[in-house]
Amino acid sequence: MMPPGQPSAEALLKRIWGYHDFRGPQRAVIDHVAAGGDALVLMPTGGGKSLCFQIPALLRAGVGIVVSPLIALMQDQVAALRELGLRAAFLNSTLDAAATRAVQRAARAGELDLLYMAPERLLGESGLALLDELRIALFAIDEAHCVSQWGHDFRPEYGQLAILRERWPEVPRVALTATADVPTRHEITGKLLRDGAEFVASFDRPNIRYRVVEKRDGRAQLLQFIEAEHTGDCGVVYCLARNTVEEVAVMLAGHGITALPYHAGLPADMRTTHLRRFLDEDGIVMVATIAFGMGIDKPDVRFVAHLDMPKSVEGYFQETGRAGRDGLPAQAWLAYGLQDVVQQRRLIELSGADDTYKRLCTSKLDSMLALAEAADCRRVRLLGYFGEASTPCGNCDNCLDPPQFIDATEAAQKLLSTLYRCRQTSGTGFAATHIIDVLRGKSGEKVERHGHQRLSTFGIGADMSESDWRALLRQLVAQHLVEVDAAHFNVLQLTESSRAVLRGEQRILLKQRGPGTGRKARAGKGPAKAALALSSEDAALFERLRAWRAATAKEHSVPAYVVFPDATLQAVAVARPASLDALRGISGVGDTKRDRYGPALLACIADA
Ligand code: ADP
Ligand code: ZN
């Protein structure tokens, strides 16, 4: 409910949020929805989806109803809106009866700008009855891809949200998601919206540096990565298995890193505590399965590390997108090896799904493998996957430290013919270790038992190290030139396409990085650590501002970033505004926050 004399969207952006310009399609969405249209909004995580419904909700009469599946995060979102001076509340299962009644009363009295509701609350009898009594400005459906039955975030209640269109045909709906593929878009529009107005932002996240390293000892590499580049930073480490999550958290903690485990098998209260600490404290590393993350709003996650390869590019993009939402430098780091390929293919094989679905999964996995194996710009490939053309980015490992190639066609032929011969003489297949032993001329009990030391290919690959052979094999497997039979002890098999290599019709290039692997990537443009961008005096002031923020956040029982994001504090540290008026120029300082916190900010600056 705005005072008479409707303010413009720009005026609200400036006065409430303290931002100077709209980003990407924000403005177009706001105009469309404020005028009563339905919209599908596709923006990467951190792209700024919230404003796309918050501002139209303020521009239209009535309360904006926000449907969000993430109960744990509603509280923070509402707290952030209240910090901005807006009237917001939520209804979900965490409220007791009295608190629920108070929110319902405020809604009926027209005292709310925005009301967040869990889908099951909204769809329940009392939820629908409440909505019948309200003047509704719009419905915003966050994480709208949850309607998709094919997606991994499917929520049955989301399908029932079709009722909004039937019951309130005159109220505009805006569906928002960061998951972009075309079938999902159709499903969302078909189920939730009236017309198909789509607003798509660029999916580029230029501040995220993408890096893929060859996995040798993944855990040691992870530790080294964090210690060398992210000490004291907030980050997320993704692992495939729950037990890996727990082991890695213990390992990191043993090295003085504040690491917490998170997966669906942990007791609910422990999950809640760990999530709370991650959101509220600075510098926590969350080690988690992908059960952790949808909608994580924390803006200052400085790195996302994958210890196991995700099963699709969508997954990779969504998970890495949780880094650097504040726009400051952040890293996406993935350790990837032969075992990842084998494991992911096996998971598909054992999934018990029908063949169509398995084929879909296999092709998604192949795209992910191609990205991991890529020798050219990773961002170009990533964006290309989402249908967006771009040029080499200068901020990924391959741009910063282009790999060298050696022609490995002959080595590949040696490997393939060894595979063939071993199977011929013994009538059975063998796994990678054995094949590599034969290639490198390493005899042992198994080699001798099968008489493989007498094969003509025994020892013909002694000039290459075991890890080079593994890297080559990994590339061959990724390209379906060798199959791994996951159901039979991971034995290797030739495929139809192997022949082209054996006949010399297909060349194989092996990617190699020099001994300085990664070093150049670290020294590349843009510091990996956000705070390094500041001069030492500014950095000192930034730290003081952070300390003030931590104390203030604690006092108000809100996460630190809700008070001010790092980007705003850095801007303050650099610009050192001398008056409340001068604070207006800082992005992220709206009127309410300026009045509430401005004097404290100025005091920090004056003391510096
Ligand atoms: P999403 O929901 O798309 O992941 P958010 O709506 O949470 O992203 O926005 C991400 C961050 O960007 C937030 O800190 C938000 O305040 C900020 N932001 C959004 N729009 C703008 C803008 N036009 N100018 C500056 N910052 C913005
Ligand atoms: Zn690049």
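One-based numbering, in listed order, for ligands and for the atoms of each.
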Sidechain N-carboxylate O distance under 4.0 Å for [X], [Y]:
| X | Y | result |
| --- | --- | --- |
| R302 | E229 | no |
| D566 | R549 | yes |
| D300 | K298 | yes |
| E187 | K191 | yes |

Please report whether ligand 1 has a polar contact with [X], defined as an N or O pair separated by less than 3.5 Å (distance criterion only).
| X | answer |
| --- | --- |
| R23 | yes |
| L51 | no |
| Q26 | yes |
| D21 | yes |

*Quick one: are L400 and R209 in side-chain contact, heavy atoms under 4.5 Å?*
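They are in contact (side-chain heavy atoms under 4.5 Å apart), so the answer is yes.
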*Measuring to protein heavy atoms, does anything land under 4.0 Å from atom 21 (C) of ligand 1?*
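There is a protein heavy atom less than 4.0 Å from atom 21 (C) of ligand 1.
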_Measuring from non-hydrogen atoms of P44 to any atom of ligand 1, is the shortest distance under 4.0 Å?_
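Yes, P44 has heavy atoms under 4.0 Å from ligand 1.
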*So is G47 in contact with ligand 1, going by heavy-atom distances below 4.0 Å?*
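Flag set, G47 near ligand 1.
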_Closer than 4.0 Å to some heavy atom of G46 - which atoms of ligand 1 meet that?_
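So the atoms of ligand 1 that pass are 1 (P), 3 (O), 4 (O), 8 (O), 10 (C).
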*May I ask you to list the atoms of ligand 1 that are less than 4.0 angstrom from any heavy atom of S50?*
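Listed by number with element, the hits are 2 (O), 5 (P), 6 (O), 7 (O).
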*Can you figure out which of F53, Y19, F22 has its heavy atom closest to atom 14 (O) of ligand 1?*
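Nearest option to atom 14 (O) of ligand 1, by heavy atoms: Y19.
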*Closest by any non-hydrogen atom to atom 8 (O) of ligand 1: pick that one out of S587, G48, A201.*
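Answer by nearest heavy atom: G48.
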*Check: Y116/Q75 side-chain N/O donor and acceptor closer than 3.5 Å*: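 Side chains of Y116 and Q75: no pair found under 3.5 Å.
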_Quick check on the 6.0 Å ring-centre criterion: do F199 and H32 meet it?_
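For F199 and H32, the ring centres are under 6.0 Å apart.
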*Check: Y262 ring centroid to H274 ring centroid under 6.0 Å*: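 Distance test on ring centres: not under 6.0 Å, no.
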_Within rounding of 10°, what is the angle whose vertex is the Zn ion (ligand 2) and whose arms end at SG of C399 and SG of C377?_
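SG of C399 and SG of C377 make an angle of 100° at the Zn ion (ligand 2), to the nearest 10°.
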*Of all the non-hydrogen atoms in the protein, which one sits nearest to atom 7 (O) of ligand 1, and at what distance?*
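Ranked first by proximity to atom 7 (O) of ligand 1 is R325 NH2, 3.1 Å.
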_Which atom of E198 lies closest to which atom of T189, heavy atoms considered_ =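 Nearest pair, atom of E198 first, then T189: OE2-OG1, 4.5 Å.
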*Would you kindly specify which portion of K49 sits under 4.0 Å from ligand 1, judged on non-hydrogen atoms: side chain, backbone, both or neither?*
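Both parts.
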